[in-house]
There are 2 protein chains.
Amino acid sequence: MASTADTKERLRLAAFDVVRTKGLSAASARAIGTAAGVNQALIFYHFGTVNELIEAASNEAVERSVARYAEGFSQVTSLAELLEVGMRVHDEERRRGHVAVMAQLMAGGQHDPVLARASKHAVGLWTAQVRSVLDRVVAPTPAGELLDSADLASAISAGFIGIELLHGVDGASADHAFASLDRLNALLTTVNGFGPTLRAALRVAARRLGTRAARLTRPTPSRK
Amino acid sequence: MASTADTKERLRLAAFDVVRTKGLSAASARAIGTAAGVNQALIFYHFGTVNELIEAASNEAVERSVARYAEGFSQVTSLAELLEVGMRVHDEERRRGHVAVMAQLMAGGQHDPVLARASKHAVGLWTAQVRSVLDRVVAPTPAGELLDSADLASAISAGFIGIELLHGVDGASADHAFASLDRLNALLTTVNGFGPTLRAALRVAARRLGTRAARLTRPTPSRK
DNA sequence: GTCTATATTTGGATAGAC
DNA sequence: GTCTATCCAAATATAGAC
């Protein structure tokens with residue numbers, strides 16, 4: 001009592017699982033079909049190509065994940081709480097292998113348009129979620145004057161992906177990187193405890209340096 | 001007038017080039033052999049397996065790269081200068097496709113021990129280079145009291161990899177992430193302009209938050 | 001919708017001539 | 001050391017029976 005039109009669902013789940021446990025390069029039609037307990041030919045019948053199946057699998061997974069934590073994020077009221085919730089979410093998503101899958105898709109997406117689209121969608125959903133919290137919670141605070149929510153949200157996404165890859169290759173080094181994020185966050189939270197004169201001094205100094213840094217960045221716009 | 005024992009060298013360069021331009025999944029023995037202008041069988045004769053060739057190619061490239069910028073890093077005397085040199089190096093290495101190759105290898109290294117070893121070596125060399133500058137230049141300053149050089153160096157490496165992947169999938173988003181790094185650096189540099197009382201207050205506050213953040217981190221040690 | 005069978009291509013790897 | 005020829009495994013994708 002199983003095989004109806006949820007064969008597609010089983011294929012999506014199996015595809016996600018194979019990418020998660022064995023990596024993108026091992027996610028062949030045969031491997032996924034076997035994992036799903038159905039014939040590999042059904043992948044092409046239902047999804048067209050293997051990568052389109054993987055895209056569907058990723059989309060489904062990321063949409064569920066973001067929804068899963070949406071309430072938790074909505075209850076955040078400070079930068080410190082955002083740190084706390086964000087780290088809990090990241091930790092849980094890491095354990096579930098979801099970050100690993102995203103990293104695999106992003107690497108594959110560098111040279112495959114379908115995987116690129118899937119990656120952009122996944123990263124975009126997480127970034128939007130984080131950004132909305134930043135806008136609501138951090139923007140009105142002193143630290144918010146020094147940061148741009150879109151910038152920071154993208155940086156957080158990129159950082160998590162980078163740390164995930166580092167982790168799979170050199171776990172100790174990834175732990176170091178993670179510890180560093182804590183410190184920077186602590187610094188930001190500390191800024192929120194500053195008085196008005198101090199804030200003004202910070203803002204001026206940061207602005208001076210910010211424009212200079214921006215000038216250095218410009219040589220590499222998003223050429224693609 | 002060419003083919004002597006530098007066939008190995010041509011294979012290494014070709015392997016690097018194929019990974020750079022077409023990605024790891026397209027780096028087959030045949031593709032690399034063709035790019036090198038030699039027969040694919042020579043890959044197995046000289047290097048054993050394709051991945052071992054790719055490892056040799058990566059090792060050679062990263063060693064040359066680090067040496068290439070070593071003098072520039074050695075002349076850095078401040079955090080602001082480190083930002084400047086670091087961004088110039090990153091920009092140049094990105095244009096040369098070296099960051100892209102590292103990202104490909106790290107993704108592949110998640111499930112392949114040879115590629116994992118190559119990735120660890122590459123990331124390790126860059127991290128060590130950055131760390132040595134941090135130790136020399138930043139550690140004695142007020143910002144240095146808030147940061148750990150090993151932590152920050154790993155975070156920088158991870159961040160660059162993450163941004164690279166993000167760039168290939170959503171260029172605009174990657175630009176946002178990069179801008180954010182500038183701002184954080186500006187903030188750190190600003191801290192270096194603080195007077196002694198201010199520094200002390202910062203240090204105490206950061207330490208308080210740091211230990212709390214560390215407690216949150218601990219649940220995910222470098223399991224592998 | 002699902003399966004079996006198969007056409008076709010591509011990839012890793014080796015044997016053996018030169 | 002290098003090449004040709006080749007074996008074998010695995011991959012995508014399709015045709016056609018059920």
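The chains referred to below are lettered A, B, ... by the order of the sequence lines, with proteins before strands, and numbering in each begins at 1.
- In this structure, Leu42(A) atom CG and dC3(C) atom C1' are separated by 8 Å, rounded to whole Å.
- Remark: P of dT2(D) and CD1 of Ile43(B) are 12 Å apart, rounded to the nearest angstrom.
- Following rounding to the nearest Å, Glu9(B) (CD) and dG1(D) (C1') show an atom-to-atom distance of 17 Å.
- Applying the ring-ring contact (aromatic ring centres under 6.0 Å, His included) test to every pair with at least one member in residues 75-103 of chain A, sequence neighbours left out, gives these pairs: Phe16(A)-His98(A), His90(A)-Phe160(A), His90(A)-Phe178(A).
- Between Arg95(A) and Glu92(A) there is no salt bridge, since none of the side-chain N atoms of the basic residue sits less than 4.0 Å from a carboxylate O of the acidic one.
- Annotation: side chain to side chain contact (heavy atoms under 4.5 Å, CB included) contacts of Asn59(B) (sequence neighbours excluded): Glu55(B), Glu63(B), His121(B).
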**Item:** B/S/- contact track for nucleotides 12-18 of chain C, protein heavy atom under 4.0 Å
**Value:** BBB----
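- A salt bridge links Arg64(B) and Glu60(B); the closest N-O separation between the charged side-chain nitrogens and carboxylate oxygens is under 4.0 Å.
- The nearest pair of heavy atoms linking Ser154(B) to Leu166(A) is O-CD2, 4.0 Å.
- Atom CD1 in Ile32(A) sits roughly 10 Å away from atom P in dA11(D) (whole-Å rounding).
- Distance Asp6(B) CG to dG1(D) C1': 12 Å, rounded to the nearest Å.
- Asp112(A) has its CG atom 17 Å from the P atom of dA11(D), to the nearest Å.
- Using a 4.0 Å cut-off between charged nitrogen and carboxylate oxygen, Arg10(A) and Asp6(A) do not count as a salt-bridge pair.
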